[in-house]
Amino acid sequence: MYERLTELGIPVVIMEPLLGGQLASLNDHLTTEMLTREPSRSVASWAFRYCGTYPNVMTVLSGMTYMENLVDNLNSFAPLKPLTPEEVSWLENEVAEEFESFPIIMCTACQYCMPCPYGLDIPGIFAHYNKCVNEGSVNREKGTKEYRKARRKFLVGYDRSIDRLRQADKCIGCGHCTPHCPQGIRIPARMREIDEYTELLRSDISPL
Ligand code: SF4
Ligand code: SF4
């Protein structure tokens, strides 16, 4: 839509520049590449600078929870260091392709699906799962060293971040949430997948 809006002389306002925070925590490989290219800038700054590089963008609305988010935003935009054509091409091709190939759930934590009548913390469950995918902590190869590490990380983090009564196994598939999700996520199906993975890890009786 950017080109069309520009043709019509309508300035662009960008919401969710970080896709609900997902572009602030990419997988380890992309994070390392970004920090190698710009050691003094955050991962999130790449998304901000991408938005700011386009001259018809009037403003970028970014949610900020902590003071460090505000500081990071200010450092990214004042002054703005526009991306080079090579950097734009790198983001649009290599980074986007790798990002899309990772099996994360495209939840932006908007909360429109909440509250779940059965008490599930839908965005919290997806956030934990995505974090583990990005960190390489989703692993089904039983018996390997990586599997043991991933299992521990997933299960310990899951219980710490989501109350047991609000985890994926409590989903009864009522479908109440699905029509509210602007990302079109098939929430009950994804809950089942996460629950199956959790059960696989929990059925392993070796100590964490
Ligand atoms: S389908 Fe599952 S997550 Fe969605 S509202 Fe029903 S119980 Fe909650
Ligand atoms: S409505 Fe969709 S995108 Fe928003 S929090 Fe729920 S699952 Fe995530």
Side-chain angles (χ1 to χ4, degrees), residues 1-2 12-28 30-31 42-44 46-48 50-51 59-66 68-70 72-73 91-92 95-138 140 153-203:
M1 293 300 291
Y2 177 83
V12 175
V13 175
I14 297 186
M15 289 178 69
E16 295 277 11
L18 297 179
L19 202 62
Q22 290 188 37
L23 299 181
S25 58
L26 299 172
N27 68 49
D28 289 352
L30 291 176
T31 300
S42 67
V43 170
W46 282 90
F48 294 143
Y50 179 83
C51 299
T59 193
V60 178
L61 304 171
S62 168
M64 289 168 274
T65 310
Y66 302 108
E68 66 197 59
N69 303 141
L70 175 63
D72 193 26
N73 278 12
L91 288 182
E92 288 183 348
V95 174
E97 201 169 298
E98 186 169 334
F99 178 73
E100 284 180 351
S101 72
F102 254 63
I104 56 168
I105 299 164
M106 299 303 264
C107 172
T108 61
C110 67
Q111 306 260 350
Y112 294 156
C113 56
M114 295 291 278
C116 158
Y118 294 87
L120 273 85
D121 178 358
I122 300 171
I125 294 167
F126 289 159
H128 173 66
Y129 182 78
N130 286 345
K131 182 169 174 280
C132 290
V133 170
N134 279 332
E135 291 173 355
S137 310
V138 172
R140 292 175 170 81
K153 224 170 169 181
F154 186 94
L155 290 180
V156 171
Y158 197 28
D159 284 346
R160 276 195 192 141
S161 54
I162 315 285
D163 187 287
R164 280 251 176 159
L165 292 172
R166 308 191 69 199
Q167 294 185 358
D169 61 327
K170 299 292 179 296
C171 174
I172 65 147
C174 69
H176 175 85
C177 49
T178 313
H180 301 288
C181 179
Q183 303 298 325
I185 299 169
R186 291 159 44 243
I187 299 173
R190 303 317 301 259
M191 287 299 166
R192 256 197 324 278
E193 282 166 34
I194 294 173
D195 182 40
E196 277 165 17
Y197 178 61
T198 311
E199 283 312 305
L200 175 88
L201 301 181
R202 284 190 178 141
S203 66

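Quick note: residue numbers are just sequence positions, from 1. We count ligands from 1, going down the list as the structure has it; atoms in each ligand are counted the same way.
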Q: Return all protein N, O or S atoms below 2.8 Å from atom 2 (Fe) of ligand 1, chain by chain in residue order.
A: C171 SG

Q: Tell me which protein heavy atom sits closest to atom 3 (S) of ligand 2, plus the residue, atom name and distance to 0.1 Å.
A: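 Atom 3 (S) of ligand 2 sits closest to the protein heavy atom T108 N, 3.4 Å.
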
Q: For atom 4 (Fe) of ligand 2, find the nearest protein heavy atom and state the residue, atom name and distance (0.1 Å precision).
A: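 For atom 4 (Fe) of ligand 2, the nearest protein heavy atom is C110 SG, 2.3 Å.
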
Q: Which protein heavy atom lies closest to atom 6 (Fe) of ligand 2, and at what distance to 0.1 Å?
A: C113 SG, 2.3 Å

Q: Out of the candidates D195, D159, D169, only one should pair with R202 under the salt bridge (charged side-chain N to carboxylate O under 4.0 Å, His left out) rule; please name it.
A: D159

Q: Under 4.0 Å from any heavy atom of P182, which atoms of ligand 2 are there?
A: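 Near P182, meaning under 4.0 Å from one of its heavy atoms, ligand 2 has 1 (S).
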
Q: Give the residue and atom name of whichever protein heavy atom lies nearest to atom 2 (Fe) of ligand 2, and the separation in Å to one decimal.
A: C181 SG, 2.4 Å

Q: Starting from atom 5 (S) of ligand 2, which protein heavy atom do you reach first, and at what distance in Å?
A: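 Checked against all protein heavy atoms, atom 5 (S) of ligand 2 sits closest to Q111 N, 3.2 Å.
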
Q: I need the nearest protein heavy-atom contact for atom 8 (Fe) of ligand 2: residue, atom name and distance, please.
A: C107 SG, 2.3 Å

Q: Could you walk me through whether M191 and I122 pass side chain to side chain contact (heavy atoms under 4.5 Å, CB included), step by step?
A: CA-CA 8 Å; M191 287 299 166; I122 300 171; 3.7 Å; yes

Q: Would you say OH of Y2 has more than 12 non-hydrogen atoms from neighbouring residues, nucleotides or ligands within 6.0 angstrom?
A: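 Correct, the count exceeds 12.
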
Q: Check ligand 1 against P117 and write out every atom of the ligand that is under 4.0 Å from a heavy-atom position of the residue.
A: 5 (S)

